[in-house]
Structure formats: C-alpha cells, structure tokens
Amino acid sequence: MLDRIGVQSLDDLYSDVPAGFIYKGEYDLPDALSEQEVRDFFEALASRNAKLKVFAGAGAYDHYTPSVIPYIISRSEFLTAYTPYQCEISQGTLRYIFEYQSMICALTGMDVSNASMYDGPTAAAEAMRMAVASARKKNTVLLSRTLLPNVVKTVETYAKYYGTNIAFIEAEDGQTSLESLRKAMESGDVAGAIVPGVNRFGIVEDLTGFADVLHEGKAMLVEYCDPSALAVLRTPAEWGADVAVGDGQPLGIPLCFGGPYVGFMACTKDHMRKLPGRIVGETVDGQGRRAFVLTLQAREQHIRREKATSNICSNESLMALFVTVYLSLMGPEGMKEVNEKSYAGAHLLHDELLKTGKFEEVFDKPFLKEFVLKPLVDVKALQDKLYKGGFFGALETEEGYVSFCVTEKRTRAEIDALVALVKEA
Amino acid sequence: MSKIIEGLLYSDSHEWVKVDGDIAVIGVSDFAQEEMGDITYVDMPEVDDEVSKGDDFGALESVKASSELYSPVSGVVVEVNEALEDAPELVNEDAFGNWIIKVRMSDPSELDSLMDAAAYAEIAK
Amino acid sequence: MKYYDRLIFELSKPGRRAYTLPASATSDASFSIPSGLLRAEAPALPEVSEVDVVRHYTNLSQMNFGVDTGFYPLGSCTMKYNPKINEEIAAMPAFQGIHPLQDESTVQGVLEVYYEMDRALAAITGMKHFTLNPCAGAHGELTGLMVMRSYHASRGDFARTKVIVPDSAHGTNPASAAVCGLSIVEVKSNAAGLVDVEDLKPLLGPDVAGIMMTNPNTLGLFEKDIREIATLVHEAGGLLYYDGANMNPLLGVVRPGDMGFDIMHLNLHKTFSTPHGGGGPGSGPVGVAERLAEFLPVPKVVKEDGRFRIVGDAPLSAGRVSAFMGNFGIILRAYAYILMLGKQHIAMAGKLATLGANYIKESLKDAYKLPIPTVCKHEFVFDGLIDDGSATGKPGATTLDVAKRLLDFGFHAPTIYFPLLFHQALMIEPTETESKETLDAFIEVMHVIAKEAAEDPDILHGAPHNAPISRPDETMAARRPVLKYQDEVS
C-alpha cells in the first residue's frame, strides 16, 4: 500500500504536518485492555452504582421495557447505519421514521412530526426558536413556572445566545395561571408560550383558554407533554396548541442516567415549513412502488447554512425506532392500561403516605402518576432512609415539597415497603 | 434560451414587475425558474406585510436548494397568489403567467432603478 | 436486500395484542381524571401481535445497509466498525436502571465514567476539560460557541459578534453560529484547498469572536498554516474553534490543543466508534483550554477527596444544554473503546485510516478527477469522472450516478456534492477498520463503474438496478408532502 502511494512509512503520510505538531509524548491513557478485562472493569464500575426501586420522575420515568425492543434495535442493519442519505438502501430506517412520525401525530393530534430531536428540553428550546422565527418581529417567549426545571434552564440557555427574551407565566394553585398569561401578553412582544400538559407537580393542567389568548396575540401555544400520558389525556391538538414537544423517554426507554432519550416535536400544518430537523415523506420509486425519502430539506441547516433557525442535523433515530416498536407492542389498549396501572399505584401511595402523618397535601388537583406532598419530616433524612432501603423517591422541589412517582412497574409489595420505611422516618 | 417578455421591468435578482397603477405585480423570470429546476414550494409573505426594496419577501424551494426572493419595490403586500401554495409547479410551467405577490408601492420612483427587457437579457444568460 | 411493502399500521387487527402487564392492580383506585382533561378518542396506534412486530421490523431491517453489512466510505462521517463488547457494557442493568437524579452517593460508578472520560479526552486532544453533555456534533458546536461568547462577555467584550468560517466548512458550522447569535464571515480557500491566510487577515478585528475550522479540512487536507492562523486570530483577540468531525486521522498523532485551538468538539459516534444508529443517538463532547474551563456547561462532575460529585451550577457557566448530562449510554461505549485502544494502540487508528484513504486516492486517480493531488488525511475528494461517457452522445454520468451504481455492487456510496467547492464532489473516507482486501474490492468496482460510464453511461443513469427500490421521485415528495400514515389513508 505504501508503494502505491509512493511513501516509505506511515509517518511519511504526515509529512505535511509541521514538525512540532506531531505529538512525541506518551498519551496519558490507561494500558490497553483485552475484551475480558474491559468487561471486568465495567462490571466493577457498575457495582459502585446502587440499583434502586425508582419512585421518582421529574423528567425520567421508570416504565417497563418489553424484551422485543432491545432485540430489534440491536439489529446491525439499524444500529450501524447512518442518516438515510442513500434512500435506496435505507428504506428500513426511512420506513420506521415514517411510522414514528405517524405515531407521534397520533399521540399529539398534530399534523406533522419531525424525525426526532435530542431530548425533551432541547426540543422545547427548538420550539422557542420556531416561535420567534414564525413571529418575525416579536422576540419574547413565555415559560410556565410549572415546567420542569431542566426544561426551563435549557430553554433559557438557548434563548440567551439566540437573543430571545424569556418571561414567565406564574403558577396559581399548582397550575399555570391563565390570568398571568393574559397579563404577560400585554407587552405585545410575545411570540409564543411553552406550558406543560402534565406539570412538575404531576398535575394534569387544564389549558382551557390558553390557545385563544395566545392566538389573539398572534403567538404560538407550545405544549410540553408526556407522550405516555397522551395516550389518555386531552391532546395538544385538542387544546389548540400549535406545537407539541416533549421527551419520548416515558415510552419504555431505560433511565440510563439521563440518556440516550429522544425528543419529539410535532406541529400543525400551518407551521410545517418552520419545523426543524429531518422529516421523512412518502413518494414512489421509478417503478411506481411506495418509497420513502428525506423531504422538505430546504428547511435544513445544510441548505440554509447561516440563514437556518436550527442547526440540528441528525437526531436520535435509533431511539425513535425504540419508541416506534414500544408503541407497536403496546397499542392503544396497552397504553391505556399503563396509565391506569400507574394511576392506581400513584394514588395508593399518595393516600398511604398521607396516612403516615409525615406529610400534608399541597394541591387538590388531578394527577396521573406523579404528585407532590409537603413533608413534615427532615427531607434529607427521609431520602437517606429510602436509599438505604433500596428506594429512590422523595425528590425535593424548589418549594421544599417532595415528589413521588409510581409507574406500572411498581408492585404492591414495593409500595407497602416504601410506606413502611416512611413510617420509621 | 429562456424567455423574456417585453414591457416588464426586471431586477438583477431575477424578479419581474408589471406596473398596474400603484400596484406592482411581482414574479420571477423564466431564467430564474430554469436555474432552480423543479420548484417544490413557494414561500410567500402574508397580505398586509410590509416589504422593502432589496429585502427578501419569500423563497423558492427545490428538493436540494432554497433561493430567496427579493422585492424590487417597497410597499405593502395586497395579494399573494394562493394557487402557488398547492401547485408550485405553475412557476416552472409559466413563470410570467404566474405572479407571486402584488404590492402597493410606497415609492414608485424605485421602479426607475429596474431594467427593461433588453438590459435584463444581458444578465439572464 | 428485498423490497417489503408493509407499514406496521397495515398489520393491525382490532383486539390483537403484543404486551402483557401484571394482571392485578396495586389498588382499586379507579381512573378518575375529569373527562375534560381526557382525549376524545384513543390514539390510532397499531394493534398487532408480538410476532407481527418482530417480523415487520426484521423485514424493514433487511432493506437497510449498515457498517456491519459492508464498506461504508461516507466522507466526514467516519463509519468505522463498532465493537460489540461496547453494546454489552451499555446494556448492563446497573447502568441502564440508574435514574439521572439519584443522589451522587448512589452513582459513583457512573460519575467515575464521566470523570475518567473527561481526562482521557483531554489527554488525547491536549485540551484541559471536557463537558460530555452535548448529544451530537451539531449540539457540541452550539455549546462550544456558547462557551466562546461567554468568555468574551466575561471580559466585557460585547463587540465580538462575528465568527469566521471557511468556504469549505461543514454546513452545520454557519448554522450553529447563527443560532448562537453570531453572524458569519466566510474566508476563502486558496488553490491548494487550504484556508487563504491573505484572505483571512483583513477579516480579523475587534468584532471577531473567533474562527471555526476543521483540520484536516473537508478536502482531507491538513491546514499547515494553522500556526500562523492561530497567532493571527489570537492577536486579534479571537478564539479558535476546532470542529472535531475530522479528528480521526489525528487520533494518537496530533493534538488540537497543541495546534492552538481553544475550544473543540468531538463526535464520539465518529472517532470513538459508537454506532451511528441510523442518525443518532450520538454524543458531542466539548473540550476547552484551561482559561475557558469555567465557562463549560453544567451539570459537571468533579472529584473531591476520592469521591465524585455533581456540580449543578457555576457562576460563569454557559448554562444547561441538555436534559441531564448528555447521552450516558454513548459515553460508556466510547470509554470502553478508549480502554481497549489504550496508550499502546491509540496511535494506530488515525495512521491506518490515513493509509487507506491515500491508497484509494492513488489507485483511482486514473479514472476520477483529483483536483488536489497532495497527500490527504482520512478522506479526500474527487471531482467526478475523467470520462463521463458524454462522447457516446448520451448525457454524461454524474457523481450521483456513480454513487447510485455503487449500491448495486454492495457498497455504500461516498458523501456526494460536498464540499461545495467542486461541482461533482465525491468525498471518500475509508476508516482504519477496513482491510486491504476490502479497499481493493472497492477500487476494482470503482474502475468497473468508470469503464461502464465511458462506454454506456445509461447503465449508471438507471442505477441502482438491484436495490430494494429504484430512484424515488423526490420532487413529488416535497410538492405533495405525505408525512404520516393518516395522510396516506385520507
């Protein structure tokens, strides 16, 4: 090979690199390990984590992962492919993205979904830019005080550098206040508002009137939603939202310390041309057979370059496949059952915790799988007690409340054990 | 060789203007549509939007490209060609027969800086 | 690969199920959310059996081409082989089952991965510290530019609103700069395909935040004037951003930090062998020089008294850029890859990648136009066929035609029509995990295709001939968007 290139050694291939840039030292890295040693190394590392029964949510939910999913998504043809640039040999990827888009639309009621985003908070940040880009001259985006803190912080970061003003819609009795939204609209500079469907207290929000107030001011309603809960809850489309975003993680994706997850983003037809990210569309091939391609690409960064309103290129395609297989397995009936079982467990825990006398009710509002209580005991001591017993729960909110979450994975025995520990706290 | 129509005014960014009183009817030239190839979408402003001479008011999109449309005059958009929303290929079929927007001009003297057909023929080749 | 024409929705039969949930409920609390908060109709999801799901997605997978299927010389994407042990490690329950908000005392193993990965990437690149929070390369670019702006702002220098980007840059660079609130100034390439230093000089000034470069650049050429460029940019008060998309040939050979770069991102899914997953999830860690470390995003991991801690906030930090701390599952895989290379083998990856690229280039320059003949790094660019067959009186074969014809021979196509500097660009990157035999087979096919083009370009125009589908109608897809199953049905 060197002969054909006409060089003497591998080092000659770097003859164009000015001397001095070639690193002469020894790399400060560990010694190379064999496969067996690597496995042993990570097993030891893994043993320094505590695998706990999860009774917490706050943006990451411990739903059950059916065995089919890891089996399908580890197929090499999916796992080791890249973005489907050569559509003729990427119909597998393109078809599952089309199915994914269809399912996100089915859950949200929206007309168009993109092929996925990094995670929920960055999807919300993209929605912020989309609102500003659509509104042209208006430059304020409102965030509800009931959004999860990591959503708020991520959107704030993106907004700061994009040059967008962030203002807040206050909460009232654990819910986004319509009155506060009305007041915020008075500035005349509002391009859109991001409000949660299920909020950081676990409360299912009543968004009656929100779309009207925003649309009257020519601003967008963006709903941040839990896609698992959307199988039963009123959809963003039914609330009149223009854009629906959120994290696909509750659709069976393992917690995995926060990633990889998958953000989703869908909108009404009116806003389709401003939707960031890849989109797959249906067409026909030369023989008239149904075929799928990346489409509406003129929106994207590689064509618009500095005129782009998003820099996203690829996405979380494999996790979009994950979600697609999950929703195929669960179907409408399974999704309903997941919600009903989570609801039953969460309400049981809620009532049992109140009975211990260690907590007080904060809000009397409908909730699904997550709720907050006001603790009458020391929170740190309570959390430690739970950790030692093999549980993770009682996550503290900024107001000093504690939140709990129960999914369909939690058993009656686990709930009883948790309550017993709390009684001792 | 692309078609050029006498009696219209042209910008160097390949828009044409037909003057009708204080209304400027604006489209793109046959040369521009040929350069773009199959047009898949025409991005248009909304009625009542203000446009300024030289600023973009929309774009032509093809499968692999997006090309801005620049307003040859300043004023207020009074009508957009809604037929193009569902049938962008009309621009390919007849670029002069399918206008894109109509603008009520705020400064008709801006027309003076546009080219006639003969001058435009020099750059559209 | 064979054509399979079903969508999962088309397999649906009412009442069919593919799931089981525990029969007994934890309580008899009946579902009583007020009806005004519930959706009117159940979502239109498929109702199928488990075997329906497995067969459907198995059939879909068989219309797909991955690195495990065959050679994937996609330029600038570094499609190297993905070791399987890494998948097993990422699947360990004691990593998969960890909630991102668990107390740090219960996740010491996870935090050690973050801490050690930061150190390893710093050692490899000559940077001081890395954040692992960005989820992809473009996300890393945006984060890196946020760090750049934060640095200038911390000095009260708000006038630096421009970023210089070479005309050969990845399209994402200007897009990332734009969404970070910076305006873009383009610097031209010279005849040798390198950043033109004379063109750069007048662009520098007190309004320049920095320059984004990839080295080697998108033509696969090492920017040998980088020392002078770094000096010029630094003297003008700007910072140098390194787009790590092309880091692979320098792995174990040259450190971006030593070249004068202040901020960089890496693509773990390129250089560090994590699977591309059909377009993600990836990971785009951002590394910085010491004086910029305090501007990195939060949360971040530190080590104190032998224990790992999470720092949730820092006064000068650019802020939070993702949900939690990036794609931990991807970071794990990349860490395993680094441990297997170790200090002993790290230097071979980049050199072998460079060897393969030069070998292909020299072997095919008799049939494909080579605009820049000098030694390349991990990739290089042809500008179409030397003889496109137009002498036959038929339309000549284009780069698109060559790419589509390659599919017939069981290879993925190179990156095409990028960089924009050449009209018929064909950008080839083989990576170090390909054997000489694989490269020879590719070279032979590329010669066969060139010969076909010269003799009868129609063979190429009609390609692919034996892929699951032939070329689709992309114009129709864009003019009449059908973007979900429900659009199709209605």
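Within every chain, numbering begins at 1; the chains are lettered A, B, ... in the order of the sequence lines, protein sequences first and strands thereafter.
Taken from CD1 in Ile33(C) to OH in Tyr343(A), the straight-line distance is 5.5 Å, to the nearest 0.5 Å. In this structure, CD on Gln62(C) lies 6.5 Å from CD on Glu77(A), to the nearest 0.5 angstrom. The CG atom of Leu37(C) sits 10.5 Å away from atom CG of Leu368(A), with the distance rounded to the nearest 0.5 Å. For the atom pair OH of Tyr19(C) and CD of Glu337(A), the computed distance is 3.5 Å after rounding to the nearest 0.5 Å. In this structure, CG on Leu45(C) lies 5.5 Å from CG on Leu327(A), to the nearest 0.5 angstrom. To the nearest 0.5 angstrom, Ser76(A) atom OG is 8.5 Å from Asn82(C) atom CG.
Taking 4.5 Å as the limit, some side-chain heavy atom of Pro281(C) sits within range of a side-chain heavy atom of Leu318(A). Under the 4.5 Å side-chain criterion, counting only non-hydrogen atoms from C-beta, Glu316(A) is in contact with Cys135(C). Counting only heavy atoms from C-beta outward, the side chains of Glu88(A) and Pro472(C) approach each other to under 4.5 Å. Under the 4.5 Å side-chain criterion, counting only non-hydrogen atoms from C-beta, Lys351(C) is not in contact with Leu13(A). Residues Ile338(C) and Leu29(A) meet the side-chain proximity criterion, which asks for heavy atoms closer than 4.5 Å. The closest side-chain heavy-atom distance from Leu21(C) to Lys341(A) is below 4.5 Å. Side-chain contact between Val254(C) and Ile22(A) is present, with at least one heavy-atom pair separated by less than 4.5 Å. The shortest distance between side-chain heavy atoms of Tyr14(A) and Lys377(C) falls below 4.5 Å.
Taking the ring axis of Phe95(C) as reference, the NZ or CZ atom of Lys51(A) does not stay both within 45° of it and closer than 6.0 Å to the ring centre. Seen from the ring of Phe21(A), Arg227(C) counts as a face-on cation partner, given the 6.0 Å and 45° thresholds.
Contact annotation for Leu38(C): both backbone and side-chain heavy atoms come within less than 4.5 Å of a heavy atom of chain A. Interface remark: Tyr64(A) contributes no atoms to any contact with chain C (heavy atom separation under 4.5 Å). For chain C, the nearby parts of Asp206(A) are the backbone and the side chain; heavy atoms of each come within less than 4.5 Å. With a 4.5 angstrom heavy-atom cutoff, Glu26(A) touches chain C only via side-chain atoms. Of the two parts of Glu43(A), the backbone and the side chain both hold a non-hydrogen atom closer than 4.5 Å to a non-hydrogen atom of chain C.
A donor-acceptor distance shorter than 3.5 angstrom exists from the side chain of Tyr387(A) to the backbone of Asp103(C), with no hydrogens or angles considered. With hydrogens and angles disregarded, a donor-acceptor distance shorter than 3.5 Å links the side chain of Gln344(C) to the backbone of Ala32(A). A donor-acceptor pair is defined here as one N or O able to donate and one able to accept, closer than 3.5 Å; no such pair exists between the side chain of Thr283(A) and the backbone of Glu474(C). Between the side chain of Gln102(C) and the backbone N or O of Ala50(A), at least one donor-acceptor pair lies under 3.5 Å. Checking side-chain atoms of Arg4(A) against main-chain N and O of Glu362(C) turns up no donor-acceptor pair under 3.5 Å. Judged purely by atom type and a 3.5 angstrom limit, His99(C) has no side-chain atom pairing as donor or acceptor with the backbone of Val54(A). Put simply, the side chain of Thr80(A) gets close to the backbone of Asp68(C): a donor and an acceptor are under 3.5 Å apart. Formation of a donor-acceptor pair under 3.5 Å by the Arg75(A) side chain with backbone atoms of Thr58(C) is not found in this model. Using modelled atom types, one side-chain atom of Ser317(A) and one backbone atom of Gly278(C) make a donor-acceptor pair closer than 3.5 Å.
Between chain A and the residues Glu88(C), His345(C), Glu50(C), Arg119(C), the most heavy-atom pairs under 4.5 angstrom are made by Glu88(C). Chosen from Val321(C), Leu355(C), Val48(C), the residue pairing most often with chain A at heavy-atom distances under 4.5 Å is Leu355(C). Contacts with chain A were tallied for Leu142(C), Asp258(C), Asp473(C), Leu341(C); Asp473(C) has the most, counting heavy-atom pairs under 4.5 Å. The most heavy-atom pairs under 4.5 Å with chain A, out of Met1(C), Glu87(C), Lys361(C), Arg17(C), come from Arg17(C). With chain A as the partner, the residue from Gly252(C), Ala413(C), Gly137(C) showing the most heavy-atom pairs under 4.5 Å is Gly252(C). Counting heavy-atom pairs under 4.5 Å between each of Gly277(C), Gly342(C), Pro46(C) and chain A puts Gly277(C) at the top.
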Verdict with supporting geometry, Tyr57(C) and Glu99(A), side-chain hydrogen bond (donor to acceptor under 3.5 Å, both in side chains): CA-CA 11 Å; Tyr57(C) 290 102; Glu99(A) 292 176 346; 2.7 Å; yes

Intermediate values then yes/no, side chain to side chain contact (heavy atoms under 4.5 Å, CB included), Arg95(A) and Asp5(C): CA-CA 9 Å; Arg95(A) 273 190 189 239; Asp5(C) 190 33; 2.8 Å; yes

Side chain to side chain contact (heavy atoms under 4.5 Å, CB included) between Val179(C) and Thr309(A), worked out: CA-CA 6 Å; Val179(C) 297; Thr309(A) 51; 5.5 Å; no

Phe9(C)/Met103(A) under side chain to side chain contact (heavy atoms under 4.5 Å, CB included): CA gap, chis, key distance, verdict: CA-CA 10 Å; Phe9(C) 302 96; Met103(A) 291 182 191; 3.7 Å; yes

Stepwise side-chain hydrogen bond (donor to acceptor under 3.5 Å, both in side chains) test for Glu141(C) and Asn311(A): CA-CA 9 Å; Glu141(C) 282 180 20; Asn311(A) 72 329; 5.1 Å; no

Derivation and outcome, side chain to side chain contact (heavy atoms under 4.5 Å, CB included), residues Arg255(C) and Tyr27(A): CA-CA 10 Å; Arg255(C) 307 192 313 169; Tyr27(A) 279 86; 3.7 Å; yes

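With salt bridges taken as basic N to acidic carboxylate O contacts below 4.0 Å, none links Lys343(C) and Asp28(A). Of the charged side-chain nitrogens involved, none lies within less than 4.0 Å of a carboxylate oxygen, so that Arg39(C) and Glu238(A) do not count as a salt-bridged pair. Under a 4.0 Å N-O distance rule, the pair Lys224(C)/Asp16(A) does not qualify as a salt bridge.
Between the side chains of Asn64(C) and Thr93(A), at least one donor-acceptor pair of N or O atoms lies under 3.5 Å.
Relative ring orientation between His139(C) and Tyr118(A) is described as parallel, the plane-to-plane angle staying below 30° on a 0-90° scale split at 30° and 60°. Classification of the Phe328(C)-Phe257(A) ring pair by plane angle, with boundaries at 30° and 60°, yields perpendicular. Ring-plane geometry between His276(C) and Tyr82(A) is classed as perpendicular, the angle between the planes exceeding 60 degrees on a 0 to 90 degree scale with a lower cut at 30.
When every heavy atom of Ser322(C) is checked against every heavy atom of Thr122(A), the shortest pair comes out as CA-CG2, 4.1 Å.
Judged as a side chain to side chain contact (heavy atoms under 4.5 Å, CB included), and not counting sequence neighbours, the contacts of Asp285(A) are Gln287(A), Arg289(A), Ala291(A), Ile469(C), Ser470(C). Thr415(C) meets the side chain to side chain contact (heavy atoms under 4.5 Å, CB included) test with Leu74(C), Phe418(C), Met427(C); sequence neighbours excluded.
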